[in-house]
K.L.:
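Below is the structure I would like to discuss, written out as structure tokens.
Numbers here simply count residues along the sequence, with the first being 1. Indexing begins at 1, ligand by ligand and atom by atom, following the structure's order.
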Amino acid sequence: MNIEKEFFGKVDGGRADIYTLTNDNNMAIQITNYGGIITSIKTPDKNGNIDDVALGFNTLDEYVNDSPYFGCITGRYANRIKHGKFTLNNKEYTLAQNNDGSHLHGGLKGFDKVIWDVEEITSDNSVGLLLKYRSQDGEEGYPGTLSTELTYTLTNKNELKIDYAATTDAPTILNLTNHTYFNLAGEGSGSILNHVMMINADNITHVDETVIPTGALLDVTDTPMDFRTPTPLGTRVDDDFDQLNFGGGYDHNYIVNGQPDTLRLASVVSEPTTGRTMETLTTQPAVQLYIGNFLDGTLTGKKGSAYNKRDGFCLETQHYPDSPNKPEFPTTTLNPGETYNETTIYKFATE
Ligand code: GLA
């Protein structure tokens with residue numbers, strides 16, 4: 001096991017390094033402190049061949065200028081807030097409307113575009129990085145000075161564990177996630193529609209045409225949204241179903257069965273040709289399945305291949321979108337004296 005650090009580049013907020021975390025099985029993950037971006041995940045297939053299963057770029061400039069949130073930490077509020085407005089303790093706040101008139105992924109300069117402080121952590125069975133960022137009161141329109149500490153850990157069980165912790169000095173809202181795009185056949189190898197997906201969710205949040213929850217829950221039974229039985233992502237993605245039209249394909253918030261705040265299975269994905277599998281476990285109430293519907297061939301990945309529509313999928317563990325405007329959803333308010341704590345594990349294996 002070890003951690004190596006290399007210079008990645010310079011940006012406004014300072015110096016970006018790239019850290020390579022390697023475990024005893026030669027699984028390796030690279031992370032940069034710019035946006036806390038996971039830039040690569042190298043893991044074996046069923047024959048022992050190592051490949052990179054995370055979409056991304058070779059250069060910092062591309063992450064700064066072109067990235068559709070590849071691998072990054074998204075915050076302060078991952079996903080959408082309708083019209084970029086919410087009311088907290090009788091005061092209305094306005095955030096950037098950076099997505100179809102609504103707020104997406106923390107705004108114009110979210111947690112994906114800032115420089116995080118880094119400490120390396122080594123223990124008997126894991127290597128990791130502690131990332132810290134202090135977001136000032138009013139940053140991107142959000143109230144409260146927010147101190148976030150996030151730990152990425154690579155264990156000898158081939159788990160990538162992400163622990164989030166945050167505190168605030170004034171009431172605020174918070175919803176953090178990681179936005180890695182996976183392709184278990186290897187990034188740049190084409191479509192992910194053959195990946196077999198299981199999602200442990202009886203319901204999704206029903207959305208309007210702007211992909212914002214209406215407030216209703218939709219029981220997935222007898223719909224193309226149902227992944228309780230493992231099903232290839234491509235089997236029903238183009239079915240004529242209003243929820244799929246609105247997202248341009250899967251781009252929906254699945255409410256993970258079981259008790260939020262306890263680590264439980266959210267999803268299992270497998271890729272038939274390489275035998276790679278990935279389990280997702282989380283304490284978060286939900287997970288956004290997004291299948292790269294907006295990739296359009298204009299970005300070039302690490303191996304030089306264009307990323308086309310549906311060449312990667314994300315499993316963004318999170319709170320429900322637009323929760324600040326939906327009192328019936330689990331709260332995303334964080335008050336002084338409270339600590340936000342969430343954990344997500346992506347576990348890689350082969351079958
Ligand atoms: C999230 C959203 C998608 C899209 C991507 C980034 O997954 O749900 O609609 O905005 O981020 O392209």
K.L.:
How about CD on E6, more than 12 heavy atoms from neighbouring residues, nucleotides or ligands closer than 6.0 Å, or not?
P.N.:
no
K.L.:
Return a yes/no value for D251: is any of its N or O atoms, backbone included, closer than 3.5 angstrom to an N or O of ligand 1?
P.N.:
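Yes: some nitrogen or oxygen of D251 is under 3.5 Å from one in ligand 1.
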K.L.:
Residue-level breakdown please: for F70 versus ligand 1, do any non-hydrogen atoms fall below 4.0 Å on the side chain, on the backbone, on both, or on neither?
P.N.:
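The answer is neither; F70 stays 4.0 Å or more away.
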K.L.:
Please list the nearest protein heavy atom to atom 7 (O) of ligand 1 with its residue and the distance rounded to 0.1 Å.
P.N.:
E316 OE2, 2.6 Å
K.L.:
Pair D17, R15 - check salt bridge (Lys or Arg N to Asp or Glu O under 4.0 Å), show working.
P.N.:
CA-CA 7 Å; D17 291 307; R15 168 194 165 114; 2.7 Å; yes
K.L.:
Taking C-beta and beyond as the side chain, do I192 and I291 meet within less than 4.5 Å on heavy atoms?
P.N.:
yes
K.L.:
Could you tell me if R236 sits above the aromatic ring of Y250, with its cationic atom closer than 6.0 Å to the ring centre and no more than 45 degrees from the axis?
P.N.:
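Output no; distance or angle outside limits.
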K.L.:
Can you confirm, on distance only, whether ligand 1 has an N/O atom lying under 3.5 Å from any N/O atom belonging to H179?
P.N.:
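For ligand 1, there is an N or O atom that lies under 3.5 Å from one belonging to H179.
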K.L.:
Test D24 against K157 for salt bridge (Lys or Arg N to Asp or Glu O under 4.0 Å), laying out the working first.
P.N.:
CA-CA 9 Å; D24 286 344; K157 292 186 203 155; over 6 Å; no
K.L.:
Would you tell me which option among H252, R80, H105 has the nearest heavy-atom contact to atom 1 (C) of ligand 1?
P.N.:
H105
K.L.:
I3 versus K5: any side-chain heavy-atom pair under 4.5 Å?
P.N.:
no
K.L.:
Using a 4.0 Å cut-off to any heavy atom of Y181, which atoms of ligand 1 qualify?
P.N.:
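In order of numbering, the contacting atoms are 6 (C), 12 (O).
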K.L.:
Pull out every atom of ligand 1 sitting under 4.0 Å from any heavy atom of Y69, numbered as shown with elements.
P.N.:
6 (C)
K.L.:
Of the side chain and backbone of N293, name the one, both, or neither that has a heavy atom under 4.0 Å from an atom of ligand 1.
P.N.:
neither
K.L.:
Above 12 or not: heavy atoms from other molecules or residues under 6.0 Å from NZ of K42?
P.N.:
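No, NZ of K42 has 12 or fewer neighbouring heavy atoms, counting only those of other groups under 6.0 Å.
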K.L.:
Could you tell me if any non-hydrogen atom of L104 lies under 4.0 Å from any atom of ligand 1?
P.N.:
yes
